[in-house]
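Comments concern the structure below.
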Amino acid sequence: MSMGRARGVVLLGMEGHLIEVEADIGQSLPAFILLGLPDAALRESQDRIRSAAKNAGLDLPARRLTVNLFPASLPKSGSGLDLAILVSAWAADGLLRGTQDVLFLAELGLDGRLRPVSGVLPAVASAVNAGVHQVVVAQENAGEAALVPGSDVLAASHVSEVAAAFAAPGAGSIPRESLSGLTRMHGGVAEQCEAASEPAGPDLAEVRGQQEARFALELAAAGGHHMLLVGAPGAGKTMLAERLPSILPPLEDEQAMEVTAIESISSGARSVTRLRRRAPFEAPHHSASAAAIVGGGARLARPGAVTRAHHGVLFLDEAPEFQRPVLDALRQPLETGKIVLHRARGAVNYPARFQLLMAANPCPCGLNVGSGAACTCSVAQRRGYFSRLSGPLLDRIDLQVHVQRPRSAAMALEEPGESSAQVLDRVISARQAQQARLSALGKEGGPSIERNSQVPLPVLTGALRLPTAALRSLDTALDRAAISLRGYVRVLRLAWTVADVTGAAKPGADEIDIAMQLRLAAAR
């Protein structure tokens with residue numbers, strides 16, 4: 001039986017599915033049959049594969065070639081299976097051997113060159129988790145594939161090099177001259193990016209004055225809280241927001257792998273060569289559509305800004321200028337930390353655990369501050385402008401802060417404020433205190449709770465319950481409908497972060513009052 005096998009991977013969202021590529025050569029008229037729900041781009045691989053084989057000096061047999069992509073019920077797309085299909089066809093013709101347990105991941109050029117593909121990192125990680133460790137990729141993807149621990153990466157620039165490496169005994173027709181050979185790399189050995197080697201970004205020391213806003217920004221970084229900055233144009237809202245990543249701790253290994261995998265999927269054919277250790281910062285324009293923000297696409301949906309901001313910050317400048325449906329679409333990922341996108345061909349699940357940071361003017365002209373004498377907006381315009389931020393969305397924002405215009409005294413200061421490095425030290429200490437407290441909760445806290453912003457109500461009213469005296473003002477606000485039950489929970493979470501940042505063992509009445517003031521400041 002003239003059968004050949006190789007391995008490939010297709011990605012559905014962030015999840016990689018191992019594909020067994022089976023090739024059979026029949027004794028009938030020449031044909032190339034591709035089975036297993038291939039999309040249009042994959043069907044075009046038939047012509048690419050024939051040309052690549054011919055230009056490599058190893059024509060496909062002039063017989064009926066049937067290629068099955070198993071599991072056949074799984075939709076398959078993209079060009080990453082090109083090399084696996086050609087290798088399985090050569091194996092069926094007796095030219096290659098030992099390909100059945102090797103992952104082949106590359107697009108083919110018409111001249112036989114191997115071209116890079118996107119999503120190599122999550123694809124290789126899925127294969128390694130499934131027990132397939134040897135991987136063959138294009139040279140441009142070698143560094144990315146080698147980021148996966150446990151992978152044994154073989155990198156090639158031409159399909160002839162792959163044929164020579166897996167040649168069967170007696171396959172003398174395989175061209176072996178002028179081949180540079182395959183480059184071998186072992187997973188985990190490739191250079192992985194340290195945070196220090198990435199651009200540091202703007203420093204918080206450049207911000208003069210704004211003590212309340214700076215303190216709120218520190219709380220947001222320490223506890224992972226969502227934040228809204230409201231103030232007149234030029235008050236420094238965007239300047240503060242752009243400095244939030246500089247006070248976020250470097251990503252841990254698992255987080256860095258997830259963020260880099262998302263970057264790999266979103267980068268097209270551009271290869272990722274280092275793990276990303278700094279928290280991502282996404283700042284889409286206010287004209288962005290819902291598909292651009294939460295993800296979308298005609299067939300299987302692609303990741304949006306909320307996914308690219310995973311473990312980082314999504315900054316919406318001029319938030320009221322965004323379309324109302326776009327803003328309301330953020331409510332689900334804010335609660336669940338993921339986004340599920342349904343299409344006719346199936347549903348994809350993308351991670352979306354991000355910090356939402358919004359900036360807004362108080363009115364269309366932006367001058368409704370203080371006495372509001374300079375404001376030219378009508379009452380209806382003011383009310384309609386800020387009401388674009390729906391109540392349910394604002395209810396999910398822990399910190400709502402007024403950013404005052406700096407005074408001349410702040411601008412004349414000779415000494416700048418604290419640097420990002422100084423604030424980062426306190427943020428790291430606060431997060432360590434959170435981890436120590438939440439890890440001690442065991443099953444009640446759950447293994448996924450790492451920051452105060454994730455603590456659920458049963459824990460806050462159970463193991464972390466505060467004395468009645470400390471909760472008096474908060475209980476009164478709930479009874480008077482000044483806050484919702486969701487707001488009640490978020491004030492408690494924020495109060496614990498205030499305690500962690502200030503070094504208190506647990507929140508008291510003062511920390512509760514500070515949390516309430518910071519949450520309700522923009523509503524006044």
Side-chain angles (χ1 to χ4, degrees), residues 11-15 118-119 121-122 198-199 201-202 220-221 224-229 237-238 240-246 248 251 255-268 270 272 276-343 347-360 388-390 392-394 396-398 453:
L11 292 173
L12 296 181
M14 293 289 295
E15 185 180 0
S118 63
L121 179 61
E198 297 184 44
H225 303 285
H226 308 305
M227 186 174 180
L228 168 65
L229 299 171
K237 304 184 298 295
T238 303
L240 284 162
E242 290 174 344
R243 281 149 182 80
L244 178 56
S246 68
L248 292 175
L251 300 176
Q255 296 174 332
M257 188 67 74
E258 290 180 0
V259 170
T260 309
I262 294 170
E263 185 180 356
S264 173
I265 292 174
S266 306
S267 63
R270 180 175 57 85
V272 177
R276 183 167 181 173
R277 292 290 181 178
R278 290 197 179 276
F281 182 82
E282 286 288 322
H285 191 261
H286 61 257
S287 62
S289 65
I293 298 297
V294 300
R299 295 182 175 87
L300 289 177
R302 300 285 296 170
V306 296
T307 298
R308 294 193 299 274
H310 184 54
H311 293 311
V313 179
L314 177 64
F315 176 47
L316 303 184
D317 201 3
E318 304 294 343
E321 298 292 345
F322 282 79
Q323 300 176 30
R324 177 73 175 265
V326 172
L327 294 173
D328 286 340
L330 298 174
R331 287 152 56 179
Q332 180 198 12
L334 285 176
E335 290 290 337
T336 63
K338 63 181 180 181
I339 184 73
V340 182
L341 302 170
H342 294 267
R343 295 294 183 271
V348 293
N349 188 331
Y350 287 112
R353 189 168 297 281
F354 59 92
Q355 279 184 258
L356 178 61
L357 181 55
M358 299 191 296
R388 297 177 190 176
L389 304 179
S390 66
L393 176 62
L394 289 176
R396 290 167 167 82
I397 307 301
D398 300 349
S453 60

Review point. Are H310 and E258 linked by a side-chain donor-acceptor pair shorter than 3.5 Å?
Key: yes
Check your understanding: What's the shortest heavy-atom distance between F281 and A241, and which atoms?
Key -> CE1-O, 3.6 Å
Practice item. Report yes if the side chains of S118 and I265 come closer than 4.5 Å at any heavy-atom pair, otherwise no. Key: no
Revision key, fill the gap. Value for CZ (R278) from CG (L248), rounded to nearest 0.5 Å, stands at 10.0 Å
Check your understanding: CG/L316 to NE2/H285 distance, rounded to the nearest 0.5 angstrom?
Key -> 12.0 Å
Revision key, fill the gap. Minimal heavy-atom distance between V326 and S289, with the atoms involved, is CG2-C, 3.9 Å
Point to revise | Distance, nearest 0.5 Å, that separates CG of L393 from CG of L334 | key: 6.5 Å
Review point. Would you call L327 and S390 a side-chain contact if the rule is heavy atoms closer than 4.5 Å?
Key: no
Review point. Between E321 and R388, is there a salt bridge with N-O shorter than 4.0 Å?
Key: yes
Review point. Can you tell me if S266 uses its side chain to pair, donor with acceptor, with the backbone of E263 under 3.5 Å?
Key: no
Review point. Within the side chain of Q355, is there an N or O that forms a donor-acceptor pair under 3.5 Å with the backbone of A220?
Key: yes
Check your understanding: Looking only at atom types and distance, does a side-chain atom of H286 sit under 3.5 Å from a main-chain N or O of E318, one as donor and one as acceptor?
Key -> no
Check your understanding: At their closest point, which heavy atom of A221 faces which heavy atom of L244, and how far apart are they?
Key -> CB-CD1, 3.8 Å
Review point. Quick one: CG on L121 to CE on M14, what's the gap to the nearest 0.5 Å?
Key: 8.0 Å
Point to revise | Value rounded to 0.5 Å, distance of CG in N349 from CD1 in I339 | key: 9.0 Å
Exercise for review: Would you check if I262 and P351 make a side-chain contact, meaning some heavy-atom pair closer than 4.5 Å?
Suggested key: yes
Exercise for review: Please report the closest heavy-atom contact between A279 and G312, naming both atoms and the distance.
Suggested key: CB-CA, 4.0 Å
Practice item. Could you check V306 against L330 for side-chain contact (heavy atoms from CB on, under 4.5 Å), going step by step and ending with a plain yes or no? Key: CA-CA 8 Å; V306 296; L330 298 174; 3.6 Å; yes
Review point. Do E335 and R396 have side chains that get closer than 4.5 Å, going by heavy atoms?
Key: yes
Review point. Between the main-chain N or O of Y350 and the side-chain N or O of T307, is there a donor-acceptor pair closer than 3.5 Å?
Key: no
**Study point:** Heavy-atom side-chain proximity of P202 to S246 below 4.5 angstrom
**Key:** no
Review point. Between atom CG of L314 and atom NE2 of H226, what is the distance when rounded to the nearest 0.5 Å?
Key: 10.0 Å
Exercise for review: Using modelled atom types only, decide if a donor and an acceptor are shared between the side chain of T260 and the backbone of R276 within a distance under 3.5 Å.
Suggested key: yes
Review point. Mind checking whether M227 and M358 have side chains closer than 4.5 Å, heavy atoms only?
Key: no
Check your understanding: Shortest non-hydrogen contact from A360 to L228?
Key -> CB-CD1, 4.3 Å
Practice item. Check A309 against F354 and note the closest heavy-atom contact, atom names and distance. Key: O-CB, 3.3 Å
